[in-house]
Amino acid sequence: MPELPEVETVRRGLAETILGRRVVDVVVTGARTVRRTSPEAVFDGLMGTTPIAVRRRGKYLLVMLDSREAVMIHLRMSGQLLWLEEHDARPSHTHVAVTFDGERRQTLAFVDPRTFGEVVVFDPERADVVLPELARLGVDPVADPFDRATLAAIVRGRSRLVKPLLLDQHVIAGIGNIYADEILHAAKVHPEALSSRLSGAAVTRLHTCIVRILDDAVAARGSTLVDARYVDLMGESGSYQTRHRVYGRAGLRCLTCGRGILRHLRWSGRSTVFCPVCQRLPGGGRGQRAIRITP
DNA sequence: AACTGTCCCTGCAAGC
DNA sequence: TGCTTGCAGGGACAGT
């Protein structure tokens with residue numbers, strides 16, 4: 001599942017490949033991928049343009065074009081961007097293919113089996129109409145200033161369970177289920193701790209771990225899971241999965257304390273793994289609310 | 001304001 | 001072997 005580190009790795013890959021290259025062909029075969037607009041709008045918006053910048057906000061990629069329009073790409077669960085040579089076969093589930101000029105023609109393929117991902121060409125001046133969620137994104141802990149005071153204000157100003165809070169893109173943009181679990185574990189914070197009641201020390205640990213884990217994961221070019229499909233533009237896996245301590249390890253012994261057995265929680269279809277020994281629930285949490293499934 | 005469940009979708013694994 | 005079922009999850013949305 002692409003989260004901030006994976007999307008940032010893809011962003012860097014795009015910056016190294018497509019900038020300054022003119023679009024000479026566009027093939028849209030997946031109507032669902034361009035559902036926000038239409039295949040024609042994506043074709044017309046891309047053909048003949050040249051990307052001049054690639055940005056990222058949370059898990060959203062934004063490619064700025066010389067036409068003064070922009071492309072929003074969201075990979076959601078299973079989306080990939082792959083850089084293909086002219087003779088390479090199109091992978092199955094390729095929904096949009098954009099070919100660039102140059103010494104040799106190369107193609108950027110948007111591949112997405114589950115079709116949750118999206119490609120939208122839009123006018124940034126009208127972003128609030130076409131992509132209202134962009135303006136509602138919270139602070140990006142890698143791209144924006146994000147000091148301890150920023151996190152303290154976020155946490156103190158709300159009375160929410162800390163894991164759903166970390167996952168809320170309107171509050172902090174870019175953290176998904178994998179990194180949320182890893183961050184909470186490293187910070188020794190229970191996923192059901194109440195944000196407003198975190199101690200000052202816990203806020204400090206949480207801040208340190210958000211920054212450290214996301215930075216380390218970006219440096220490792222993201223996490224490639226056994227079943228998940230994340231790879232970078234060149235098809236290379238990331239390596240941060242070797243440093244996961246809780247994600248995917250429910251029922252196994254905690255690598256950190258060597259004593260706890262990692263537990264699995266589920267709220268509304270989202271799973272959480274944590275160590276009940278390392279991550280104790282302080283008095284303010286509401287630990288009885290979730291359905292516990294303990295292997 | 002905060003939370004829950006539903007939907008969208010495919011690939012894979014487990015169970016029968 | 002071949003089916004069915006469940007699960008994975010990001011984010012919008014509706015309902016409480």
Side-chain angles (χ1 to χ4, degrees), chain A residues 1-8 10 29-36 56-61 72-81 91-96 110-120 127-138 140 153-182 191-198 222-231 241 244 246-251 264-273 284-293 295:
Chain A
M1 286 60 63
E3 303 181 24
L4 188 155
E6 291 77 29
V7 178
E8 175 61 20
V10 171
T29 45
R32 217 180 106 70
T33 297
V34 297
R35 59 192 175 276
R36 188 89 60 127
R56 182 189 57 74
R57 290 288 305 165
K59 303 173 195 171
Y60 292 75
L61 283 167
M72 187 284 284
I73 302 167
H74 199 304
L75 304 172
R76 290 284 181 96
M77 314 267 322
S78 61
Q80 296 177 328
L81 287 172
S92 53
H93 307 293
T94 296
H95 304 309
V96 180
F110 181 87
V111 180
D112 185 15
R114 293 182 200 172
T115 72
F116 288 161
E118 276 197 83
V119 176
V120 181
D128 54 337
V129 179
V130 187
L131 289 162
E133 68 264 41
L134 277 183
R136 295 199 293 258
L137 285 178
D140 183 305
I154 285 171
V155 160
R156 298 263 186 263
R158 293 169 178 80
S159 180
R160 296 185 59 180
L161 303 190
V162 66
K163 163 108 189 237
L165 183 62
L166 287 183
L167 290 178
D168 188 337
Q169 304 300 302
H170 305 118
V171 178
I172 300 176
I175 298 175
N177 210 35
I178 297 170
Y179 292 103
D181 280 2
E182 295 300 326
E192 294 175 296
L194 205 52
S195 64
S196 55
R197 297 199 192 173
L198 288 175
S223 300
T224 299
L225 304 179
V226 181
D227 63 326
R229 318 176 52 91
Y230 163 73
V231 287
Q241 68 282 358
H244 292 176
V246 288
Y247 186 83
R249 297 194 71 251
H264 180 250
L265 302 180
R266 175 180 297 279
W267 303 285
S268 52
R270 301 296 189 269
S271 65
T272 290
V273 184
R286 294 197 287 155
Q288 305 312 310
R289 288 291 300 278
I291 301 163
R292 286 236 153 73
I293 305 166

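These numbers come from the heavy atoms of this one structure, side chains and all, not from hydrogens, waters or symmetry mates. Naming convention: chains lettered A, B, ... in sequence-line order (proteins, then strands); numbering from 1 in each chain.
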statement: note: A:Ile73, atom CD1; C:dG10, atom P; distance rounded to Å ~ 19 Å

statement: Rounded to 10°, the angle between the first-five-pair and last-five-pair axes of the helix from B:dA2-C:dT16 to B:dC16-C:dG2 is 50°

- request: Ignoring the backbone of A:Glu3, work out which of C:dA8, C:dG10, B:dA2 is nearest its side chain.
  value: C:dG10

- prompt: Side chains of A:Leu75 and A:Phe116: closer than 4.5 Å at any heavy-atom pair?
  reply: no

query: Do any pairs count as a salt bridge (charged side-chain N to carboxylate O under 4.0 Å, His left out) and have a residue in residues 164-175 of chain A, sequence neighbours left out, and if so which ones?
result: A:Arg160-A:Asp168

Between protein and nucleic acid, restricted to nucleotides 13-16 of chain C and to nitrogen or oxygen atoms under 3.5 Å apart, what atom pairs and distances do you find?
none

query: Excluding sequence neighbours, so at least two apart, what forms side chain to side chain contact (heavy atoms under 4.5 Å, CB included) with A:His244?
result: A:Ile178, A:Glu182, A:Ser223, A:Leu225, A:Tyr240, A:Gln241, A:Tyr247

query: If only side-chain N and O atoms of A:Tyr230 are considered, is one of them under 4.0 Å from the OP1 or OP2 phosphate oxygen of C:dG10?
result: no

message: B:dT10, OP1 or OP2 - any side-chain N/O from A:Thr115 closer than 4.0 Å?
response: no

Euclidean distance, atom CD1 of residue A:Ile154 to atom P of B:dA1 [Å, nearest integer]: 16 Å

query: For A:Ile175 and C:dG11, what is the distance between atoms CD1 and P respectively, to the nearest whole Å?
result: 12 Å

query: Which of the following nucleotides, B:dA2, B:dC9, C:dG10, is nearest to the side chain of A:Asn177?
result: C:dG10

- prompt: A:Tyr179 near the nucleic acid: base, sugar-phosphate alone, or nothing, with a heavy-atom cut-off under 4.0 Å?
  reply: nothing

message: Tell me whether the side-chain N/O atoms of A:His170 come closer than 4.0 Å to OP1 or OP2 in C:dA12.
response: yes

A:His264, nearest nucleotide to its side chain (from C:dA8, C:dG10, B:dC3): C:dA8

message: Closest approach to the side chain of A:Tyr60, judged atom by atom: which nucleotide of C:dG10, C:dG9, C:dA12 is it?
response: C:dA12

task: Report the nucleotide, chosen from B:dC9, C:dG11, C:dG9, that has the shortest atom-to-atom distance to any side-chain atom of A:Arg32.
output: B:dC9

query: Under 4.0 Å: is that the gap between some side-chain N or O of A:His74 and OP1 or OP2 of C:dG11?
result: yes

field: Aromatic ring of A:Phe116 stacked on base six-ring of C:dG9, 5.5 Å, 30°
entry: no

message: If the condition is side chain to side chain donor-acceptor pair (under 3.5 Å), which residues does A:Arg76 pass it with, not counting sequence neighbours?
response: none

task: Could I get the full list of side chain to side chain contact (heavy atoms under 4.5 Å, CB included) partners for A:Arg249, not counting sequence neighbours?
output: A:Leu252, A:Leu255, A:Leu262

statement: Sorted by position of nearest nucleotide on DNA chain B, 5' first, the leading residue of A:Arg158 and A:Pro113 is A:Arg158

field: side chain to side chain contact (heavy atoms under 4.5 Å, CB included) assessment of A:Val171 paired with A:Arg158
entry: CA-CA 10 Å; A:Val171 178; A:Arg158 293 169 178 80; 3.8 Å; yes

message: Just the rounded figure in Å: distance from P of C:dA12 to CG of A:Leu134.
response: 10 Å

task: Measure the distance from NE2 on A:His95 to P on B:dC9 and round it to the nearest whole Å.
output: 11 Å

message: Can you list everything that forms a side chain to side chain donor-acceptor pair (under 3.5 Å) with A:Thr94? Sequence neighbours excluded, please.
response: none

- request: Please determine, for the side chain of A:Arg114, which listed nucleotide (B:dT10, C:dG11, C:dA12) has the closest atom?
  value: B:dT10

- request: Enumerate the residue pairs fulfilling salt bridge (charged side-chain N to carboxylate O under 4.0 Å, His left out) with a member in residues 170-181 of chain A, sequence neighbours excluded, ordered by first and then second residue.
  value: A:Lys163-A:Asp181

message: If I take atom CG in residue A:Leu137 and atom P in nucleotide C:dG10, what distance separates them, rounded to the nearest angstrom?
response: 15 Å

- prompt: So, does A:Arg266 use its side chain to make a donor-acceptor pair with the main chain of A:Ser271 at under 3.5 Å?
  reply: no

message: Applying a 4.0 Å non-hydrogen cut-off, can you work out what A:Ser78 is touching in the nucleic acid: base, sugar-phosphate, or nothing?
response: nothing

- request: Kindly indicate whether the side chain of A:Arg270 and the base of B:dG5 share any N or O donor-acceptor pair separated by less than 3.5 Å?
  value: no

task: Tell me which nucleotide among B:dA2, C:dA8, C:dG10 gets nearest to the side chain of A:Arg160.
output: B:dA2

message: Is it true that A:Glu6 and A:Tyr179 share a donor-acceptor pair across their side chains at a distance under 3.5 Å?
response: yes

field: Length of the line joining A:Arg76:CZ and B:dT10:P, which is rounded to integer Å
entry: 15 Å

task: Give the nucleotide from the list B:dG11, C:dG9, C:dG11 with an atom nearest to the side chain of A:Met77.
output: C:dG9

message: If I take atom CG in residue A:Leu4 and atom P in nucleotide C:dG10, what distance separates them, rounded to the nearest angstrom?
response: 13 Å

statement: Applied to residues 127-138 of chain A, the salt bridge (charged side-chain N to carboxylate O under 4.0 Å, His left out) test, sequence neighbours excluded, yields A:Arg36-A:Glu133

